[in-house]
Amino acid sequence: MEEQGEVGMRLVCTHCGSSEPWPVARWPCSCGGPRELADLEVFAPDSIDREQPGLWRYRAMLPVPAATGPVTLGEGFTPLIPGAWDGVDVSWKLEYLNPTGAFKDRGTVLVVNDLLARGVDQALDDSSGNAGASLSAYGARAGIHVRLYVPAHASPAKRAQIAIYGAELVTVPGSRIEATRAAEKAAESGPVYASHVWHPLTLIGMATIAWEVWEQLGDRAPDWFVTPVGQGTLLLGAWRGFQRLASAGLIDRLPRLVAAQAERCAPLAAAMESGREETLAVPPRPTIAEGVAIVNPVRSRAILQALRENQGLTPVATEEEIAQAQERLARTGIYVEPSSATAVAVLPQLQSQISPGETVVVVLTGSGLKTPLERK
Ligand SMILES: [Zn+2]
């Protein structure tokens with residue numbers, strides 16, 4: 001099978017539907033909407049390279065330049081292990097075992113390979129921590145200078161991780177949105193804005209989690225796919241991955257999506273409740289689930305569409321529920337950060353809707369080693 005190149009690929013705006021040839025100079029469409037890559041390769045099981053240990057087994061389905069060897073740190077193909085929570089059988093997808101301790105590596109590795117192929121040597125992003133640490137690590141691996149704009153409230157463990165990879169760290173006072181503004185301004189004069197939120201390859205990288213789960217369950221989709229949601233790139237990317245499996249005729253139904261959020265920052269739940277097509281910014285309130293504290297997700301329109309398409313749910317968890325879930329899960333040998341524990345904390349709310357025998361995949365997104373050591 002021929003490797004998928006960028007020739008003829010288009011970026012399509014998820015708001016107004018207009019398209020432009022990829023690559024583009026600026027991420028948002030002229031209408032302000034986020035864009036996604038179109039004309040993707042049909043998922044072909046025969047082209048999976050089963051010798052490859054990580055997500056590069058799906059290389060034939062990934063729109064990355066056909067360079068010699070990709071820059072990799074061994075990301076992807078994380079374990080799916082059985083577990084139980086309050087009487088519900090679940091499968092834990094251990095995304096915190098990715099190279100930088102979070103699922104973000106799936107998207108970053110594609111973005112960085114793309115930057116490298118274009119001869120980019122300076123990149124920047126804004127992040128509350130995990131995406132920043134991921135870009136710093138892959139930048140270091142690829143020899144690309146990385147500058148990160150990080151909100152002052154980001155966990156010291158995450159900031160230390162970004163710094164040790166050698167990235168330039170700029171701490172921005174104020175809420176999360178201020179870090180984004182600072183990054184956007186800096187990108188006007190030089191470094192490429194390798195935004196994990198806007199860059200279309202992020203979603204493509206996230207699609208690989210759906211393909212792995214499909215393989216790990218014996219070539220079938222789960223009934224439920226539960227994940228914490230901040231910007232929602234994992235939820236939306238996985239949904240796109242399942243859609244590609246469905247259009248290839250490999251699954252006959254899509255999973256029900258569950259977007260878990262912290263009660264203190266739940267714009268998707270609010271939009272679902274009021275029937276809006278897009279989220280409205282919610283007031284920023286501090287939460288221990290700092291990694292998912294996104295007041296107005298960029299791709300909310302596509303996310304809400306995906307949720308509504310198959311009876312998706314948007315449960316929220318209180319601070320206490322999140323902290324308790326983190327501790328209880330650790331007592332079973334699994335140590336995740338509070339943001340990730342959000343997905344576990346909402347499981348009791350799903351109990352009545354899950355039928356016996358249904359498969360529930362819960363994505364454990366980030367390592368507990370990133371947790372601030374002192375709380376409260
Ligand atoms: Zn548009």
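Throughout, residue positions are numbered sequentially from 1 according to the sequence presented. Counting starts at 1 for both ligands and their atoms, in listed order.
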With no hydrogens and no angle check, do the side chains of E75 and T72 hold a donor and an acceptor under 3.5 Å apart?
yes

Check: D125 side chain, Y149 main-chain N or O, donor-acceptor pair, under 3.5 Å:
no

Applying side-chain contact (heavy atoms from CB on, under 4.5 Å) between I144 and each of V192, L135, L115, D121, report the one that passes.
L115

Report for the Zn ion (ligand 1), protein N, O or S closer than 2.8 Å, by chain and number, lists C13 SG, C16 SG, C29 SG, C31 SG

Could you go through W211 and F43, starting from their C-alpha distance and side-chain angles, then the distance that decides it, and tell me whether this counts as ring pair (Phe, Tyr, Trp, His ring centres under 6.0 Å)?
CA-CA 9 Å; W211 303 339; F43 189 93; 4.9 Å; yes

Under 6.0 Å from the ring centre and within 45 degrees of the ring axis: does the NZ or CZ of R299 meet both conditions for the six-membered ring of W27?
no

Measure from NZ or CZ of R256 to the centre of the six-membered ring of F225 and say whether it is under 6.0 Å with the direction within 45° of the ring axis.
no

